[in-house]
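A short worksheet on the structure shown next.
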Amino acid sequence: KVFLIAYVITGHIAASYGAIGGGRWSYIEQGNDFLTKAVLSLFVLVAYSFLMGMFIFIAGYFTYPSLKSKGVSRFVKDRIVRLSIPLILYYFILGPVARFITLLAKGEDITFMQFITDSYQSGVYGHLGVMWFIVLILLFSLSYALFFKFFPDGFYKPRNDLFPSASRILLFVVLVGAASFFMRIIFPMGGDFTGSRPLGSMVFFGTSFFLGTAAARYQWLDKLTWENSKPWVITAVVAMVIPLILLI
């Protein structure tokens with residue numbers, strides 16, 4: 001998680017200084033040379049491929065044992081309290097402050113009281129911002145709790161205790177990739193909340209969460225070895241080279 005958080009910070013710095021897709025970011029000081037844009041854009045593209053999905057996978061991984069030990073009722077209560085409090089604080093306090101600072105960074109000449117007054121008059125009482133992540137985790141957690149209540153043993157009954165085969169993983173990747181592709185057509189990147197990454201990546205994010213719960217249920221991480229991961233490490237490296245070729 002420390003590595004992922006560091007990547008989040010440096011990724012947004014890259015958006016400020018020339019990466020593709022940084023046009024809506026809070027602070028922009030882009031370089032115009034090709035090398036800067038190419039390096040920073042590739043850095044961000046790699047992040048998009050796994051970063052938030054990995055955060056959500058971790059959330060799903062720890063959801064299953066928590067749900068199993070607490071039970072559905074207590075788990076739901078604890079999760080709502082734990083996630084809704086920071087969500088409310090950010091939406092009504094930290095979010096508007098961050099939005100105000102963004103306007104100042106973009107050259108707006110406005111006081112904080114003017115900003116608050118204008119926001120309320122226009123019907124904007126808060127700012128969700130980065131907390132879309134918390135909203136998704138809450139929705140996924142409650143959905144899985146409902147599933148767990150009716151199917152505590154799960155849908156899938158593995159024939160053995162082995163790690164999933166390469167053919168099953170490949171089929172899964174193809175199906176999720178195709179579904180994600182069509183979702184991005186419906187909700188293209190770079191729009192507002194209803195047309196940006198949360199919805200455009202909903203297939204990927206939802207899959208990541210429920211993969212995490214399955215990994216915890218069937219102890220997949222304990223069974224993960226270099227032999228069964230090597231083909232996918234090579235595949236990932238090849239996949240990362242493709243955007244470089246396309247960019248050049």
Side-chain angles (χ1 to χ4, degrees), residues 1-60 83 86-108 110 112 115 119 124 126-140 180 183-184 187-209 212 236 239-244 246-247:
K1 287 174 71 174
V2 170
F3 168 76
L4 295 177
I5 292 170
Y7 211 148
V8 169
I9 296 170
T10 52
H12 285 98
I13 292 173
S16 295
Y17 290 96
I20 293 173
R24 293 175 60 88
W25 187 233
S26 303
Y27 177 77
I28 305 295
E29 192 177 321
Q30 293 187 355
N32 294 318
D33 61 290
F34 172 79
L35 182 61
T36 298
K37 289 185 176 182
V39 171
L40 295 180
S41 295
L42 288 171
F43 182 78
V44 171
L45 284 172
V46 172
Y48 274 137
S49 71
F50 79 95
L51 189 62
M52 296 309 299
M54 196 66 199
F55 273 119
I56 295 173
F57 175 89
I58 293 172
L83 296 182
L87 179 61
I88 291 171
L89 288 175
Y90 187 93
Y91 184 81
F92 288 107
I93 300 176
L94 294 179
V97 171
R99 191 161 158 261
F100 172 69
I101 294 173
T102 296
L103 293 177
L104 295 181
K106 292 183 176 181
E108 294 280 346
I110 187 174
F112 185 69
F115 165 74
S119 297
V124 179
H127 180 60
L128 185 64
V130 297
M131 298 301 278
W132 62 263
F133 174 77
I134 300 299
V135 173
L136 281 188
I137 294 298
L138 182 58
L139 291 176
F140 290 155
S180 296
M183 183 64 79
R184 284 287 174 87
F187 299 105
M189 295 286 283
D192 55 19
F193 178 79
T194 57
S196 59
R197 189 161 52 144
L199 291 179
S201 300
M202 186 60 73
V203 172
F204 173 50
F205 291 159
T207 301
S208 298
F209 184 87
M240 290 179 201
V241 171
I242 294 175
L244 176 61
L246 294 175
L247 193 63

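Keep in mind that the numbers below use all heavy atoms, side chains included, and drop hydrogens, waters and symmetry copies. What you see is a predicted model, and the numbers here were worked out from it, not measured in a lab. Residue numbers count from 1 along this sequence.
Taking 4.5 Å as the limit, every side-chain heavy atom of M131 sits out of range of all side-chain heavy atoms of L94. Taking the side chain as every heavy atom from C-beta outward, L87 and L128 approach each other to under 4.5 Å. Looking at V46 and L42, their side chains never come closer than 4.5 Å, going by heavy atoms from C-beta outward. With a 4.5 Å cut-off on side-chain heavy atoms, F55 and V8 count as touching. Two residues are said to be in side-chain contact when any heavy atoms from C-beta on lie closer than 4.5 Å; S119 and F100 fail this criterion. Side-chain contact between F50 and L4 is present, with at least one heavy-atom pair separated by less than 4.5 Å.
Checked against side chain to side chain donor-acceptor pair (under 3.5 Å), T102 has the following partners two or more places apart in sequence or in another chain: S26.
For G53 against S208, the heavy-atom pair with the smallest separation is O-CB, 3.3 Å. Counting all heavy atoms, side chain and backbone alike, R184 lies closest to S201 at NH2-OG, 2.7 Å.
Atom CD1 in I5 sits 11.5 Å away from atom OG1 in T10 (nearest 0.5 Å). Note that CD1 of I134 is 11.5 Å distant from CG of L139, once rounded to the nearest 0.5 Å. Put simply, CE on M52 and CZ on F133 are 4.5 Å apart, with the number rounded to the nearest 0.5 Å. With rounding to the nearest 0.5 angstrom, the OG1 atom of T36 is 12.0 Å from the OH atom of Y17. With values rounded to the nearest 0.5 angstrom, L83 atom CG is found 11.0 Å from I88 atom CD1. Atom-to-atom distance recorded for Y48:OH and S41:OG is 10.0 Å, nearest 0.5 angstrom.
Taking the ring centroids of F43 and Y7, they lie under the 6.0 Å cut-off.
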